[in-house]
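Working notes, structure below.
In what follows, chains are A, B, ... by sequence order, proteins preceding strands, each numbered from 1. Predicted model, so just to flag it, every value in this text is computed and none were measured. As a basis for the values below, the full set of heavy atoms in this structure was taken, side chains included, without hydrogen atoms, waters or symmetry mates.
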Protein chains: 2
Amino acid sequence: MYVSARADYAVRAMLAIAAGEPALVKAAALARTQEIPLSFLQGILLDLRRAGLLHSHRGTDGGYTLARSAGEVTVGDVLRAVSGSLTTVRGLPADDATYHGVATGLRDVWLAVHAAIEQVVDSTSLADLLPGRRPGALTRNRLP
Amino acid sequence: MYVSARADYAVRAMLAIAAGEPALVKAAALARTQEIPLSFLQGILLDLRRAGLLHSHRGTDGGYTLARSAGEVTVGDVLRAVSGSLTTVRGLPADDATYHGVATGLRDVWLAVHAAIEQVVDSTSLADLLPGRRPGALTRNRLP
DNA sequence: ATCGTTCCTATTGAACAGGTAGGGAATATC
DNA sequence: GATATTCCCTACCTGTTCAATAGGAACGAT
């Protein structure tokens, strides 16, 4: 179970842009405050824009802004935008895994893991994570 | 969220060895029936033995056998044996992630994901996945 | 229309996962 | 004890991800 640098950076960038609303936030500012390599970040921002999560504006006083409000964007949306499928097994989406013989039941494990992850990231919006909100909005999702 | 080839192969190998009990199972037989590259598999089996999950026997009619019974080994045990930490963010254990500024809340998301995954893999033993058991032992963990 | 700023793209190199090859060490059979 | 079989270990190759650099294209302000 591995969260890639792309995925981590993408959520942090979206949070920083959401926190700057309604002003535009520059890529260079994101890279500085969140300690993300600028060139790498630019590729991630491009993916987020192509996925329809960001609007970009060029020229002086340009930058990025959210395409939807922070409450309408979930962490899962961001992860899917930069990683394709949310959960992959050996590089393929969890659904596509086919097992032979005694390992047939393993498929259900990965599907259960996928569902468990989905339940967390799809029920958490960017607004839930921003400071100034009630802390621990997530705690009720932790364990039964 | 990425399940590595090592992790997937490791669980499949453990299942195949468990299914062969009490006979010893050879690495070559595992590679053939589960379609795993033999050389790669040998390195995985070495990790599983060092973690105390397998016993190995050399020479003619050698092979591998479980160190504990199939009911006493969980999927989580296997994953930790080959991957170190169960969940990593940018290569580091989920606990070690430190975030600055507006991204502080993101840490709780990864911890919640970690807990959700843990709940699935630590409550599923190898015996639960073997054929001949009641199917769908996992289904009650899927969703609330 | 020009200038400066910003986003966008292409190229290059380091680090790591996935996969391969071959020699060495231990065990059982003959 | 010689031999065949199997596990054990090390080094190597390849493709992808992560990261750095440099230049080109689009936009707003003056």
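Note: CZ (R58(A)) to C1' (dG24(D)) measures 10 Å, nearest angstrom. Remark: C1' of dC8(D) and NE2 of H57(B) are 15 Å apart, rounded to the nearest angstrom. Atom CG of L41(A) and atom P of dT6(C) are 15 Å apart (whole Å). In this structure, the CG atom of L92(A) is 14 Å from the C1' atom of dG18(C), given to the nearest Å. One can place CZ of F40(A) at 20 Å from P of dA22(D), the figure rounded to the nearest angstrom. D47(A) has its CG atom 12 Å from the P atom of dT17(D), to the nearest Å.
Counting only heavy atoms from C-beta on, R90(B) has its side chain closest to dA19(D) among dA19(D), dC18(D), dG19(C). Comparing dT6(D), dC18(D), dA20(D) by their nearest atom to the side chain of A5(A) picks out dC18(D).
Under the 3.5 Å distance criterion, with hydrogens and angles disregarded, no donor-acceptor pair is assigned to the side chains of Y99(B) and D108(B). Under 3.5 Å, the side chains of S125(B) and E72(B) contain no donor-acceptor pair of N or O atoms. In this structure, a donor-acceptor pair under 3.5 Å is absent between the side chains of D95(A) and W110(A).
Of the two residues near DNA chain D, L46(B) and G62(B), the one whose nearest nucleotide lies more 5' is G62(B). If you find the closest nucleotide of DNA chain D to T60(A) and to I36(A), the one lying nearer the 5' end belongs to I36(A).
Put simply, Y9(B) has no side-chain N or O that comes within less than 4.0 Å of OP1 or OP2 on dA17(C).
Using a 4.0 Å heavy-atom cutoff across all strands shown, Y2(A) reaches no nucleic acid atom at all. At the heavy-atom level, R49(B) lies under 4.0 Å from the strands shown only through sugar-phosphate atoms. At the heavy-atom level, A27(A) lies under 4.0 Å from the strands shown only through sugar-phosphate atoms. Contacts of G63(B) with the nucleic acid, taken as non-hydrogen atoms under 4.0 Å apart, involve only primed sugar atoms and P, OP1 or OP2.
Residue D96(A) places its CG atom among more than 12 non-hydrogen atoms of other residues, nucleotides or ligands, all under 6.0 Å distant.
One donor-acceptor pair, N or O on each side, does fall under 3.5 Å between the base of dA20(D) and the side chain of S39(A).
S83(B) contributes no side-chain N or O that, together with a main-chain N or O of R80(B), makes up a donor-acceptor pair within less than 3.5 Å.
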